[in-house]
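Here is how names work: the chains are called A, B, and so on, in the same order as the sequence lines, proteins then strands, and each is numbered from 1.
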2 protein chains.
Amino acid sequence: MTMIEPNGHFCSDCAIRGIAVCASLDLAELREFEHLGRRVHFATGETVFSEEDITTSFFNLLEGVMRLYKLLPDGRRQIVGFALPGDFLGMNMSSRHNFSADAIGAVTACQFAKVPFGRFIEDRPHLLQRINELAIRELSQARDHMVLLGRRSADEKVATFLLGWRERLIALKGSSNTVPLPMSRQDIADYLGLTIETVSRTFTKLERHGAIEIIHGGICLRDPARVEALAAA
Amino acid sequence: MTMIEPNGHFCSDCAIRGIAVCASLDLAELREFEHLGRRVHFATGETVFSEEDITTSFFNLLEGVMRLYKLLPDGRRQIVGFALPGDFLGMNMSSRHNFSADAIGAVTACQFAKVPFGRFIEDRPHLLQRINELAIRELSQARDHMVLLGRRSADEKVATFLLGWRERLIALKGSSNTVPLPMSRQDIADYLGLTIETVSRTFTKLERHGAIEIIHGGICLRDPARVEALAAA
DNA sequence: GGCCAAATTTGATTTGGGTCAATCGGGTTC
DNA sequence: GAACCCGATTGACCCAAATCAAATTTGGCC
């Protein structure tokens with residue numbers, strides 16, 4: 001983490017107010033909440049926290065994308081998710097993080113010290129309720145991803161990933177057939193349980209079939225129906 | 001579901017009080033809670049709820065084992081988890097179940113109607129807190145399972161499964177090298193993202209190497225260290 | 001106990017995706 | 001603008017696990 005905003009930000013005009021945990025707070029609470037968090041920035045590739053680190057903070061992602069991953073002792077990596085603005089990171093049992101998180105590109109987050117945040121929650125059940133909702137939604141996504149990892153072919157994995165990623169971006173920024181992919185091919189491979197070569201080949205194949213166009217920093221959906229058909233299978 | 005206990009059970013002497021959601025309730029609350037749930041039984045293979053069903057109830061598993069799974073349109077199945085006594089099922093966003101649940105063998109559960117249960121939670125933040133803890137623990141398990149599905153070999157998957165299952169049984173019933181496996185080989189395969197043949201072959205291989213012994217309805221760990229070495233890899 | 005159906009194991013063969021090895025761009029530096 | 005670097009692509013080959021196909025064991029049920 002490289003710098004701390006010289007203060008001067010307000011929750012009430014935060015871009016992600018409305019989708020993040022803080023959506024459950026009223027204006028009075030928000031004013032108090034404001035003092036708990038501080039805005040922090042991370043540079044490309046910087047690690048925000050590592051698996052097995054003691055949890056000292058929670059993070060509310062404001063801008064940018066993060067990869068969340070676990071490593072096996074021999075270095076194999078599984079990306080368990082990509083975090084986007086509005087995602088809340090750091091909740092755990094056991095007081096240790098159970099995955100690592102890196103910034104993909106520049107990232108801005110709202111950081112909360114664990115203890116005061118915990119105290120703030122205590123007498124605000126609706127905030128706890130909100131956190132619970134987010135956890136349950138993530139759990140549902142995690143289960144969907146298990147199906148993908150355990151039972152889908154490489155083509156299906158890639159098609160499903162493109163559509164799912166696109167959906168998330170649409171929810172944030174509105175609809176478009178252009179899908180930016182800020183993460184590397186290796187990241188995509190480690191998310192889908194494939195190798196970088198297979199991801200690359202599958203992209204090329206989709207492009208040859210006219211389903212997508214590979215552009216700089218992403219892809220463009222040329223034939224969404226075809227991609228959907230592949231993903232459904 | 002086939003029968004309803006003619007009443008006459010008490011939360012205070014419930015076998016799983018202490019590990020389940022209700023661990024967070026004091027005796028006075030427990031007396032009230034008692035009236036919300038009713039004990040239900042399911043026979044072998046019976047479906048407790050199906051994916052996409054509207055959620056009308058939550059279940060607290062008291063006895064037996066359940067498989068939790070998702071199906072792809074073409075019938076491929078991914079088991080997303082096995083539920084054991086103490087597990088709480090049915091929480092979701094969206095008011096629909098996001099997986100199906102079958103009884104493996106006879107099952108007893110405590111069933112709660114969604115609406116009164118929701119009302120009961122509302123003014124009991126510590127119960128919500130408990131549910132949140134369980135959700136977060138499940139999320140952590142789900143992420144571990146993603147690593148297994150995406151990045152582990154067949155041998156590692158099977159070894160990891162046996163040790164993990166054993167751990168869960170130890171937590172419930174105490175330590176033993178004998179590991180009952182009430183689920184079928186097909187269930188294990190669908191949990192590990194393998195085929196039934198690969199699971200069977202891997203079991204046989206482990207037995208030939210003296211790591212385990214295949215017994216009726218389960219396995220016996222002959223050389224736990226060797227199995228652990230395989231799982232760690 | 002004997003018979004059928006289902007589950008499991010075992011064997012032979014195939015294949016999707018991994019591994020290894022170049023090669024290609026596109027960006028940056030000097 | 002040449003040299004370099006690094007991510008991405010492409011090609012050739014290989015192998016772990018899937019598929020296909022029996023054989024065998026197990027369990028329920030008359």
D/dG27 OP1/OP2 closer than 4.0 Å to side-chain N/O of B/His216: yes
Sugar-phosphate only, base, or nothing, as touched by A/Ser200 at under 4.0 Å among non-hydrogen atoms: base
CA sep, side-chain torsions, deciding dist, call: B/Arg77, B/Asp187, salt bridge (Lys or Arg N to Asp or Glu O under 4.0 Å): CA-CA 9 Å; B/Arg77 184 177 69 159; B/Asp187 288 340; 2.8 Å; yes
Under 4.0 angstrom between A/Thr195 side-chain N/O and C/dT19 OP1 or OP2: no
Euclidean distance, atom CG of residue B/Asp155 to atom C1' of D/dA17 [Å, nearest integer]: 11 Å
Whole-Å distance separating the CD1 atom of B/Ile188 from the P atom of C/dT9: 9 Å
Contact under 4.0 Å: B/Thr198 side-chain N or O vs D/dA17 OP1/OP2: no
Any donor-acceptor N/O pair under 3.5 Å between C/dC20 base and A/Glu197 side chain: yes
Interatomic distance where CZ belongs to A/Arg185 and P belongs to D/dT10 [whole Å]: 10 Å
Plane angle bin for B/Phe99 and B/Phe49 - parallel if under 30°, tilted between 30 and 60°, otherwise perpendicular: tilted
Separation of D/dT26 P from B/Leu181 CG (nearest whole Å): 16 Å
Touch class at under 4.0 angstrom, heavy-atom based, for B/Gly193 against every strand present: sugar-phosphate
Phosphate OP1/OP2 of C/dG16: any A/Ser153 side-chain N/O under 4.0 Å: no
Spatial distance of atom CG (A/Leu230) from atom NZ (A/Lys205) [nearest 0.5 Å]: 8.0 Å
Under-4.0 Å side-chain N/O to phosphate OP1/OP2 contact, A/Ser184 with D/dG7: no
B/His145 and B/Tyr191 aromatic ring geometry - parallel, tilted or perpendicular at 30°/60° bounds: parallel
Rounded distance (Å) that lies between atom C1' of D/dT24 and atom CD1 of B/Ile196: 14 Å
Protein-nucleotide distance (B/Leu194, atom CG; C/dG17, atom P), rounded to Å: 15 Å
A/Arg17 (side chain) donor-acceptor with A/Cys22 (main chain) under 3.5 angstrom: yes
base_contact_polar (D/dG11 base, A/Arg201 side chain, donor-acceptor, <3.5 Å): yes
Distance in angstrom units between A/Arg151 CZ and D/dT19 P, rounded: 9 Å
Distance, rounded to the nearest Å, where A/Phe203 contributes CZ and D/dA8 contributes P: 10 Å
